[in-house]
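Scroll down for the structure; my scribbles are underneath it.
Lettering of chains follows the sequences in order, A, B, ..., and the numbering in each one begins at 1.
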Amino acid sequence: FSDPASNLGLEDIIRKALMGNLEERPE
Amino acid sequence: KDIVLACPMNMCPQDKPNKTPQEIWEDFSLSFTPAVREVVEFAKHIPGFSALSENDQVTLLKAGTFEVLTVRFASLFNVKEQTVTFISGATYSLEALKGMGMGGLLDTMFEFSEKLNSLELTAEELGLFTAVVLVSADRSGIENINSVELLQESLIRALRALVSKSNPCDVSRFTKLLLKMPDLRTLNNMHSEKLLSFRID
């Protein structure tokens, strides 16, 4: 990985949170 | 070789030796993921942030999440006692963490936390400062720089007014606060280098 943020899976978490994906949220 | 994650968002800096890197990462993501979600929720509440393009929102969040969390967790670094409190509630001495191989980044985190805490920001000031940190038009990959610049300028004006209102006699306080931004960039770069050395498969 050349991008540390990609290494963390950060973009995936951010995109899901931005879309308000409630299924991804903990109860 | 044992994996050391001396990040206060981790439950503890060093896990049991029989844990696989995958298990260590899964445990870490249990605390890391909700923290990132909170940063996203915070961003959504910044007036004007949601009006930016989705790509620019993602770019700002990808680049700035570490800096936002650093500001938010500055109080976990006890400069006087030279300790770091992890989210598990356990406190570790800087000496012990250094003994695990963590050095430069932690020292710089302590320096930053000391300087930030010395400004004794109110919760409102800290929130607005964090918004200014997140909405930075000079992040690499921004598509509509003008929109981000306009939003950042309005946030900086609001922060200046707020800081001046709470401490009208101390005119240097606002400048001191803005000077924390390059410090955060330095920390972000140091943290990125650490991450690159810890490949997550």
A:Ala17 and B:Lys44 have their tightest heavy-atom pair at O-NZ, 2.8 Å

Practice task
Step through the shown structure and confirm whether more than 12 heavy atoms of other residues, nucleotides or ligands are within 6.0 Å of CZ on B:Arg160.
Solution key: no

Crowded around B:Glu153 CD? As in, over 12 foreign heavy atoms under 6.0 Å? yes

If you define the side chain from C-beta out and look only at heavy atoms, does anything of A:Leu18 sit under 4.5 Å from B:Leu61?
yes

Item checked: B:Glu54 side chain reached by A:Arg15 side chain, heavy atoms, under 4.5 Å -> yes

Using a 4.5 Å cut-off on heavy atoms from C-beta on, say whether the side chain of B:Phe66 contacts that of A:Leu10. no

CD of A:Glu11 to OG1 of B:Thr59, rounded to nearest 0.5 Å, is 7.5 Å

So, the part of B:Ser50 with a heavy atom under 4.5 Å from chain A: the answer is neither

side-chain hydrogen bond (donor to acceptor under 3.5 Å, both in side chains) pairs touching residues 92-108 of chain B, sequence neighbours excluded, are B:Lys98-B:Asp107

*asked:* Tell me if a side-chain donor or acceptor on B:Lys62 pairs with a main-chain N or O of A:Ile14 at a distance below 3.5 Å.
replied: no

